[in-house]
Amino acid sequence: MARHSAADPSPGDDRDRRGSEGRARGLPADAPDATLRIRPRVARTPEERAAARAAAGSDPVADGPAAPARPSVLRRFLAWLGSLVLLAAVALALAVAVVPAAVGGSALTIESPSMSPTFPVGTLVVIRPRPIDGIRIGDVVSFTDRDPATGATRTVTHRVIGVDPGPLFRTKGDANPSPDRTPVQATQVRGVEWYAIPFVGEWGSKVRSGPGLLLTAGAALLVVALMLLLPRRKA
């Protein structure tokens, strides 16, 4: 017969102890030993997961995916402004140099107020050839003439106000009180006004020169470089 000392707990006492622990945890008294190993509850909601990470000492923002960096308002404005300046420079260069050369014309700068207000001083006037018999009253023509004061050859841009046999063209500046004294012969006509761009005549003259072309190309490259250096928003 087995003997139990007073210091050794009996099997009944052990079951009573487990039963009391189980009742303290809300379990049946006859639950097996494995049920006493309570697993921690897994966080289900985002709030619970954030609270769990905070309790563990982690950063909820660092654990999640990093939000894409948004360019500042200033950077977006500079990018927009650079694109606008580049497009304007390209458009003006085409209008001043490329388009006139493609049609056999030329670009001239108005240097006197004789055609105001139609063409103020500084207006860029692009002319192109036209058959002599196609020139009509009201057309603006550019023709070579001699300066009465110096005798030097110059180019004048005035409006046709009459056509005489020959043909000879009577011309007048819109702002002049009287017509030009000498009729214009057909051989003097350089071309007829095609289009005009106000206030860019001086710039156009510089662009058509060698240094002006280099300066314009350098400015365009600088704008492109600045646009490439601006950070882009990542998807």
Side-chain angles (χ1 to χ4, degrees), residues 81 84-220 222-223:
L81 182 61
L84 184 62
V85 170
L86 180 61
L87 289 176
V90 171
L92 283 176
L94 290 174
V96 168
V98 179
V99 175
V103 299
S106 58
L108 306 173
T109 301
I110 301 296
E111 298 178 350
S112 71
S114 63
M115 283 299 291
S116 299
T118 306
F119 301 136
V121 175
T123 299
L124 181 77
V125 177
V126 177
I127 61 174
R128 62 178 175 177
R130 182 186 294 182
I132 294 299
D133 56 2
I135 298 176
R136 299 288 186 264
I137 294 176
D139 290 338
V140 176
V141 296
S142 294
F143 54 91
T144 57
D145 190 18
R146 288 194 177 275
D147 190 340
T150 63
T153 301
R154 62 179 182 174
T155 299
V156 179
T157 300
H158 280 175
R159 193 178 303 276
V160 176
I161 61 172
V163 181
D164 298 332
L168 294 173
F169 302 101
R170 287 181 280 117
T171 57
K172 174 183 175 296
D174 290 353
N176 292 345
S178 58
D180 299 332
R181 292 187 302 174
T182 306
V184 178
Q185 300 179 8
T187 56
Q188 295 176 259
V189 178
R190 293 187 53 185
V192 180
E193 179 257 339
W194 184 18
Y195 60 87
I197 307 176
F199 311 117
V200 298
E202 293 297 331
W203 180 83
S205 300
K206 294 177 181 179
V207 167
R208 293 192 300 272
S209 65
L213 287 175
L214 293 177
L215 182 61
T216 303
L222 179 61
V223 171

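Residues: numbered from 1 along the sequence shown. In this text the structure is predicted, and so the values were computed from the model without any measurement.
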Can you list everything that forms a salt bridge (charged side-chain N to carboxylate O under 4.0 Å, His left out) with [X]? Sequence neighbours excluded, please.
X      : value
Asp164 : Arg170
Arg130 : Asp139
Arg146 : none

* Asked: Between the side chain of Gln188 and the main-chain N/O of Thr144, is any donor-acceptor distance below 3.5 Å?
  ->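 Here the side-chain-to-backbone pair exists.
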
* Under 3.5 Å, side chain of Tyr195 to main-chain N/O of Ala95, donor-acceptor pair present? ->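 Confirmed, Tyr195 side chain pairs with Ala95 backbone.
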
Give the minimum heavy-atom separation between [X] and [Y], together with the two atoms involved.
X      : Y      : result
His158 : Lys172 : CB-O, 3.6 Å
Leu124 : Ala107 : CD1-CB, 3.8 Å
Pro120 : Pro117 : CD-O, 3.8 Å
Ser116 : Ala175 : O-CB, 3.4 Å
Pro183 : Leu168 : CB-CB, 4.1 Å
Ser114 : Asn176 : CB-OD1, 3.7 Å

Under a 4.5 Å cut-off applied to non-hydrogen side-chain atoms, are [X] and [Y] in contact?
X      : Y      : value
Val141 : Phe169 : no
Arg128 : Glu193 : no
Trp194 : Val125 : no
Ile161 : Thr171 : no
Ile137 : Val163 : yes
Ser112 : Val121 : no
Val140 : Val192 : no

* To do: Give, for atom OG1 of Thr155 and atom CZ of Phe143, the distance between the pair rounded to the nearest 0.5 Å.
  =>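 Separation between the atoms: 9.5 Å.
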
* Distance, nearest 0.5 Å, that separates CD1 of Ile197 from OG1 of Thr109 ->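 If we round to the nearest 0.5 Å, Ile197:CD1 and Thr109:OG1 are 10.5 Å apart.
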
* Partner of Asp145 under salt bridge (charged side-chain N to carboxylate O under 4.0 Å, His left out), chosen from Arg190, Arg181, Arg154 ->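 Of the listed residues Arg190, Arg181, Arg154, the salt bridge (charged side-chain N to carboxylate O under 4.0 Å, His left out) partner of Asp145 is Arg154.
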
* Would you tell me whether Thr157 and Ser142 have side-chain atoms, one donor and one acceptor, within less than 3.5 Å of each other? =>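 Ser142 and Thr157 do have a side-chain donor-acceptor pair below 3.5 Å.
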
